[in-house]
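Worksheet: the structure to be examined is printed underneath.
When a ligand or atom number is given, it counts from 1 through the structure's own listing order.
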Amino acid sequence: MRTNLLDFTLPALTEWFASLGEKPFRARQVFRWVHQRGVADFDAMTDLAKSLREKLKEIAEIRPPEILSEHRSADGTVKWLFDVGIGNGIESVFIPEDDRGTLCVSSQVGCALDCGFCSTGRQGFNRDLSVSEIVGQLWVANRRLEEMAREGMPYRLEASSEGATPKPVTNVVMMGMGEPLNNFDNVVAAMSVMLDDNAYGLSRRRVTLSTSGVVHKLRRLKETLPVALAVSLHAPDDELRSRIMPINRSYPIAELLEACKDYLEAAPRDFITFEYVLLDGVNDTPAHARALAKLLRDVPCKLNLIPFNPFPESGFARSKPEAVARFRDILVEAGYVATIRRTRGDDIDAACGQLAGQVVNRMKKRTVRIHKAHREAA
Ligand code: SAH
Ligand code: SF4
């Protein structure tokens with residue numbers, strides 16, 4: 001089998017080139033061709049010696065996950081379903097805004113953490129994504145969006161930081177399918193490629209990792225690669241949080257908030273973003289909002305209130321708009337920055353938390369295709 005160069009960070013690629021007897025600057029040249037220029041064909045890497053190109057053609061390849069389907073929303077949002085092996089699919093979503101282009105990236109096939117309101121969690125867990133499957137989502141998205149921009153779609157190419165190559169994707173959020181901290185090594189390697197100036201050159205502020213609160217791995221992330229952090233809170237007390245997020249039984253709220261404060265010492269931003277999915281009648285009353293305001297008193301943070309995306313048999317419903325507005329107002333009056341996430345790509349089911357893909361649950365040995373069921377129900 002050929003070695004997939006999308007699996008390498010630059011230091012790892014340099015080592016691999018050394019094993020071939022090649023100098024470090026050769027690795028850097030190839031890394032730039034692959035990530036900055038989106039080139040997959042060794043013959044196009046014109047500044048490499050022909051003999052090296054021939055050798056690479058024999059033993060290496062640039063193989064991102066294959067696109068199974070692509071949907072464009074009327075508002076410019078694009079969603080891809082990628083093939084990640086026998087019956088499994090993962091999704092990525094590109095969300096264009098005036099001043100940025102954000103790609104929502106998946107980290108696992110399914111998720112083992114089983115949050116009640118999450119369609120990914122409901123499908124169970126199959127496996128971790130490899131580095132090439134994670135970086136590959138960004139690689140493919142940039143290439144496809146560049147093609148669409150050439151065809152006249154209104155996607156702008158922008159440099160994410162000074163000196164970086166202009167690309168459609170300027171920001172990445174690890175908020176797709178899976179719990180990124182539970183695939184720690186591959187996610188960190190993939191994010192370090194995203195940050196590398198010889199690749200995408202995204203700053204740590206422009207890469208956000210969202211976690212349900214795997215506390216001991218959050219400590220490791222602080223030491224390894226402290227990118228911007230979003231934490232899925234969803235409840236102001238342990239009793240309720242444990243009910244909707246089983247992980248809270250292992251890492252209760254007090255421990256999680258301590259870890260968040262600690263993380264801020266190394267974080268690229270001076271606040272944590274807390275995500276709070278509003279579930280009708282479950283966690284969206286004024287009493288919950290007041291409890292939340294009290295709970296977060298001494299954590300520098302912003303709050304992102306997310307309207308629940310319903311899916312069949314979830315057992316939850318989206319909060320009423322009045323409840324959402326009241327919830328936000330209580331937080332704002334208490335001095336917080338609290339915003340309601342605009343739903344994007346509704347016409348193509350592309351909102352966060354709606355990224356179902358299709359997962360063959362290896363743990364439970366059954367196949368669930370919620371996404372398909374959802375389409376059929378619609
Ligand atoms: N596992 C990580 C990242 C992926 S989930 C995490 O939990 O943070 C990304 C975000 O989508 C999380 O905040 C999650 O709580 C939210 N989410 C999950 N299901 C949702 C749904 N049905 N509607 C709205 N948001 C949802
Ligand atoms: Fe996993 Fe996040 Fe979904 Fe919970 S919300 S099941 S942690 S993907």
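Comparing heavy-atom distances from atom 1 (N) of ligand 1 across Gly178, Cys111, Pro307, Ser232 singles out Gly178 as nearest. In this comparison of Gln108, Met175, Met177, Arg122, the heavy atom closest to atom 9 (C) of ligand 1 sits on Met175.
Metal site remark for atom 3 (Fe) of ligand 2: Cys115 contributes no N, O or S atom at a distance under 2.8 Å.
Geometrically, Arg220 engages Phe184 in a cation-pi contact defined by less than 6.0 Å to the ring centre and at most 45° from the axis.
When only non-hydrogen protein atoms are considered, atom 3 (Fe) of ligand 2 lies nearest to Cys118 SG, 2.3 Å. Regarding atom 1 (Fe) of ligand 2, its nearest protein heavy-atom neighbour is Cys111 SG, 2.3 Å. If you check which protein heavy atom lies closest to atom 2 (Fe) of ligand 2, you get Gly178 O, 4.5 Å.
When non-hydrogen atoms are compared, ligand 2 lies under 4.0 Å from the backbone of Asp114 (N, CA, C, O) but not from its side chain. For Asn309, heavy-atom contacts with ligand 1 shorter than 4.0 Å involve the backbone as well as the side chain. When heavy-atom distances to ligand 1 are checked against a 4.0 Å cut-off, Glu179 comes that close through both its backbone and its side chain.
Interface of Ser212 with ligand 1, defined as ligand atoms under 4.0 Å from a residue heavy atom, comprises 6 (C), 7 (O), 8 (O). Within the listing of ligand 1, atoms 6 (C), 8 (O) sit less than 4.0 angstrom from a heavy atom of Thr211. Close contacts of ligand 1 with His234, meaning ligand atoms under 4.0 Å from a residue heavy atom, involve 13 (O), 14 (C), 15 (O). The Cys118 neighbourhood of ligand 1 comprises atoms 18 (C), 19 (N), with distances under 4.0 Å to a heavy atom of that residue. Within the listing of ligand 1, atoms 10 (C), 12 (C), 13 (O) sit less than 4.0 angstrom from a heavy atom of Glu275. Taking a cut-off of under 4.0 Å to the non-hydrogen atoms of Gly121, the atoms of ligand 2 that pass are 6 (S). Near Ser212, meaning under 4.0 Å from one of its heavy atoms, ligand 2 places the atoms 7 (S).
Checking side-chain atoms of Arg53 against main-chain N and O of Leu48 turns up a donor-acceptor pair under 3.5 Å. Checking side-chain atoms of Asn183 against main-chain N and O of Ser107 turns up a donor-acceptor pair under 3.5 Å. Looking at Thr77, its side chain never comes within 3.5 Å of a backbone N or O of Ser73 through a donor-acceptor pair.
With values rounded to the nearest 0.5 angstrom, Phe31 atom CZ is found 10.0 Å from Leu5 atom CG.
An N or O contact shorter than 3.5 Å links Phe117 to ligand 1 by distance.
Aromatic rings of Tyr200 and His35 (six-membered ring for Trp) have centroids within the 6.0 Å cut-off, being under it.
Relative ring orientation between Tyr276 and His234 is described as perpendicular, the plane-to-plane angle rising above 60° on a 0-90° scale split at 30° and 60°.
The 12-atom threshold is exceeded at CD of Glu255, counting heavy atoms of other residues, nucleotides or ligands nearer than 6.0 Å. Residue-environment remark: CZ (Arg37) stays at or below the threshold of 12 foreign heavy atoms within 6.0 Å.
Tested against Asp7, the residues Asn186, Ile134, Val131 include a single side chain to side chain contact (heavy atoms under 4.5 Å, CB included) partner, Val131.
For Met175 against Arg341, the heavy-atom pair with the smallest separation is SD-NH2, 4.0 Å.
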